[in-house]
There are 2 protein chains.
Amino acid sequence: MGNRLLTHNHSFVSLSTQRSRRRRADRGALASGRPAWGYSACVATIADVARLAQVSTATVSRVINGNTEVDPVLADRVRVAIAELNYRPSRVARSLRTRRSSVLAVIISDIRNPFFTDMVRGIEDVAYAHNYSLVLCNAEDDPAKEADYLTLAVDEHMAGVVLAPASPTGTDLKSLRAAGVPVVTVDRRLADDDVDRVLIDNIGGAVTAVEHLWHSGFRRIGCVSGPVGVSTGADRLAGYRQGLAAHQLPDDEQLVSFGDFHEESGTRAMQELLALPDPPDAVFVANNLMTLGALDAIAATSLRVPDDIGIVGFDDMAWAPLLRPPLTTVGQPTYDVGAETARMLLSRLTGYVGPGREVVLSPQLFVRASSTLSARWSPA
Amino acid sequence: MGNRLLTHNHSFVSLSTQRSRRRRADRGALASGRPAWGYSACVATIADVARLAQVSTATVSRVINGNTEVDPVLADRVRVAIAELNYRPSRVARSLRTRRSSVLAVIISDIRNPFFTDMVRGIEDVAYAHNYSLVLCNAEDDPAKEADYLTLAVDEHMAGVVLAPASPTGTDLKSLRAAGVPVVTVDRRLADDDVDRVLIDNIGGAVTAVEHLWHSGFRRIGCVSGPVGVSTGADRLAGYRQGLAAHQLPDDEQLVSFGDFHEESGTRAMQELLALPDPPDAVFVANNLMTLGALDAIAATSLRVPDDIGIVGFDDMAWAPLLRPPLTTVGQPTYDVGAETARMLLSRLTGYVGPGREVVLSPQLFVRASSTLSARWSPA
DNA sequence: AGTCCATGGGAAATCGATTGCTCACACACA
DNA sequence: TGTGTGTGAGCAATCGATTTCCCATGGACT
C-alpha cells in the first residue's frame, strides 16, 4: 500500500512537493524507531487520498462532506482511494478549521448516583444513534469544578452541553452562549430561564408521597430534605409542605431535617428526627442516597418499618423492592429524562432556534410495604 | 478591551496584517448578528497576545510551555498580555500540532453498574489532580462499540486510555499502540499480557465466598456464574470450583447456572437452580447486578434467606447491609482499583517505559446474615 | 459561429498553536 | 580590536482539514 502511494507521487496533479517529501520522511521515522512522543495512527491524510485519486484535497473534502456537487467519476475515485488507504479524516484538524466537533459534554453532579447514570444511558443511546460521542464530566456539585468543565467544553469546541447545574445562580452560561454552544439543563432549574431544560415535577412527586402517607394513616410526617440551594431540594420540600397543608397536618419546623443528597447526610438527618421529643411516625426522604442513609439510621434502632415508622423515598432504585419491607418510592423516568434531554440538544444542533423550552416529566409513585400500615390502613 | 487591542495593531512587531484584518472582520460579524455556526469564544489568539506584548508568537508559546529560557522582561510582558486578554490557548490547535491532548478516555462496559462508576470516581480524582480530563465511554460489552470508541480515542488524540475489555481476544489494541497512546486495562484480563493492567483476585474472592458458606454449614452450594468469555466470569467460576474441591464437596454441573452479569439473567439463572430436583442450599452469585436478580427470584418464592437458602454475592454495594437479611458480599476496593489504574496510566504518560505491569488487588469478604445459619453454624 | 452563463474543480488561505532554523547581539578572550 | 561562542528571539513551516475565490470547460442561446 505504501508503495502504491509513492508511485502516485508522480501523477500529473502537482501538490506541494516539499510537503510530500516531508511526509515521506515522517513515514521513515515511524517505520524505523518510534519517536519520543507517538505519531498519530492517522496514517493517511487528505493529501494522500487526493494524490491517489488524482484530484485536489478540496474535492476529497467535498466528497466526504457532500455539501457541493462533485463529478460522480471523481467521487468514485475518491471513495476508492479512501477505502484503499483506510483514511479517516482527522477530527482534530476538522474541529480546528470548522470550530465544531461531534462530541457532547454531559456535566453531572454525582457519578455515583444511579439517577444520573441511568439518565446518561438515555442521553447516550440517543446521541450514539446520531453519531455523537459523549464526554462525561463529574462536577460533584462544586461550582468551581463545574466552571472548569464549562470552560473545557468551550475550549474543546464541544458541539453541545448537557448540564445538571450545581446551583440556580452560580452557573454562568455566558461563555457557552458567546461561543454558540447549545446547552440543555436537566434535573435542576436555573434562575435564568432562557435555556432549554428537562425537569421532573418534583413538587407533584413530593405531594403524592405525602398524600400517600396520609392515606396510609400516618399523621406526623417528617422530611429529610435536600439542600434548598438546588431546585430539586427546594421543590421537593415545597411539595412536602403542600402535601401537609392539603390535609391540615401541622407544619412543624422540627419535622424537617436537611441533608446534602449524599448518604451520610441522610443518616444524620434521620437520626436528628428520631431524636426529637415527639418524633415523626413517617418520613419522606428527598432522594435515593439519603434514603439509603435514613434506612441505615433506622436499622440502628429497634424501630420497625412501617409499623413504627413509615418511609417513602424520592427516586426508585432496582433494589427498592428487595428491601424488607420493600421500599415505597417516587420513581423518576430517568432514562426518558436523558433521552428527552438529548433530543432537545440535537434539535438545537440541527438548527432549531427559539427561546428556551421546558419539558416537565412526571414521577410515579411505587407503593410498597414500607409505607402501608395495614392496621391503620383498613378504613374500617 | 477590544479597542486597546486594536491600538496595538500598529506596533513595531509586524505580524501578518492580512490576518489581523480578517480577525477584525470576524469580530464584527460576532458583534452584529451571530453567524450560522457559532464562532468560538476563544476571543484572543496567540497572535493577539504576541501583538499586545510586542513579541513573536513563538515567544508567547515558549512562555506558556516553559520549555525554553525566555528573557524575564519579555516573559512578564507576555504574562500581562495573557491576563489582559484573558487568553487561553486553543486546545484543539495545540492538539493538532503536538498530536497530544490532556484528555483520557475511559471505556467501560456498563455505566449502570456501580462497580464501574465507583471505579471511575477513583480514576477521576487522580486524573483531575493531574489536570487531565476524562471522557467516559460506555461500550456495553459490545465489541463493535468498543472498537468505535478505541478508534475515537486515536482520532481525538486522547492522551491515554483506560479500558475494561469486552473480551479477552476480540479487543485490538494495535491502532492504539501504533499511535503511541498508552493503555491500562482494568477489571478484565486480556489474552495479550504486554499491557498494564489492574485486576482483582477474583479466584481468591470466590474461594473465600465458598469457604465461608461451607463454614456456615452449607453443603450443597450452587453458583450463578457470569459469562466465561470474560476473565472475571471465568475466574470467579474457577474460584467457586476450587472452593468446592477444597472441602471435597461434589462439583455438580447442574449447580452452575450462567448469566451475563445483568440483573434479568440473575433472576433467570436463580430460577433454574431453584427448579432443580435437588436444589442448592446456598448460592454464590458472581456479580452485583445478578445478585439483585437472584434475590428477586428468591423473593418470588416462599424460601427464606438464609434458613432455606444462603447467598453470597460478588461486589459489595451500599444497600447490601440494608437488605433483610443483610447481604454477605465479596467487596472489591472499587475506588482504589480506579485510582491505581489512573496512577499507572499517568506513569506511562510521564515517560515510564517497560513491559506491561500487573497490579492485583484483593477483595474482602463482608460477612452478614444472608449466609450465616445460626442453627447449622453452632459447632456443637 | 460567437458570447454568456452555469458548474465543477483546483490553488491557496485559513483555523491557532508549536518548533526547527537562522540570525543578531553580547560577551569573552587573544 | 577582531574573532569565536553562546544565548535568546523571530520567521516561517507545519499539523490536516475546510472553504473562498477564481478559472476552465461545456452547453445554450442569439
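Keep in mind the model is a prediction, meaning the values are calculated, not measured.
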Rounded distance (Å) that lies between atom [atom2] of [N] and atom [atom1] of [X]:
X: Arg51(B); N: dG10(D); atom1: CZ; atom2: C1'; answer: 16 Å
X: Ile46(A); N: dA12(C); atom1: CD1; atom2: P; answer: 17 Å
X: Arg91(B); N: dC15(C); atom1: CZ; atom2: P; answer: 21 Å
X: Asp71(B); N: dA24(C); atom1: CG; atom2: P; answer: 19 Å
X: Arg100(B); N: dT19(C); atom1: CZ; atom2: C1'; answer: 15 Å
X: Gln54(A); N: dA11(C); atom1: CD; atom2: C1'; answer: 18 Å
X: Glu156(B); N: dG16(D); atom1: CD; atom2: P; answer: 15 Å
X: Ile82(B); N: dA17(C); atom1: CD1; atom2: P; answer: 10 Å

Ser95(B) side chain to Arg100(B) backbone, donor-acceptor under 3.5 Å: yes
Determine, for Asp192(A) against Arg177(A), whether the closest basic-nitrogen to carboxylate-oxygen distance falls under 4.0 angstrom. yes
If you measure from the Lys or Arg side-chain nitrogens to the Asp or Glu carboxylate oxygens, is any gap between Lys145(B) and Asp148(B) under 4.0 Å?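 Salt bridge flag = no for Asp148(B) with Lys145(B).
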Candidates [options] - which lies nearest the side chain of [X]:
X: Leu74(B); options: dG16(D), dA9(D), dG10(C); result: dA9(D)
X: Arg99(A); options: dT18(D), dG16(C), dA11(C); result: dG16(C)
X: Thr45(B); options: dG16(C), dA12(C), dG10(D); result: dG16(C)

Reckon [X] touches a base, only the sugar-phosphate, or nothing at all at heavy-atom distances under 4.0 Å?
X: Ile64(A); answer: nothing
X: Ser61(B); answer: base
X: Val92(B); answer: nothing

Looking at Arg97(A) and dT14(C), is any side-chain donor or acceptor paired with a base atom of the opposite kind under 3.5 Å?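 Check passes, donor-acceptor contact within cut-off.
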When only distance counts, do a donor and an acceptor, one from the side chain of Arg62(A) and one from the base of dG10(C), lie under 3.5 Å apart? yes
OP1, OP2 of [N] versus side-chain N and O of [X]: anything below 4.0 Å?
X: Ser90(B); N: dG16(C); value: no
X: Arg88(A); N: dA17(D); value: no
X: Thr59(A); N: dG9(C); value: no

Can you work out whether Ala93(B) or Ala58(B) has the more 5'-proximal nearest nucleotide on DNA chain C?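 Its nucleotide being nearer the 5' end, the pick is Ala93(B).
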5'-most contact on DNA chain D (nearest-nucleotide basis), Glu69(B) vs Leu96(B), goes to Glu69(B)
Criterion side-chain hydrogen bond (donor to acceptor under 3.5 Å, both in side chains) on Thr151(B) and Asp155(B), from CA distance to verdict: CA-CA 6 Å; Thr151(B) 301; Asp155(B) 289 357; over 6 Å; no
How about Glu156(A) and Ser101(A): does a side-chain donor come under 3.5 Å of a side-chain acceptor?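 Note: Glu156(A) and Ser101(A) side chains miss the donor-acceptor criterion.
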Taking the side chain as everything from C-beta on, heavy atoms only, tell me whether Val63(A) gets closer than 4.5 Å to Val55(A). no
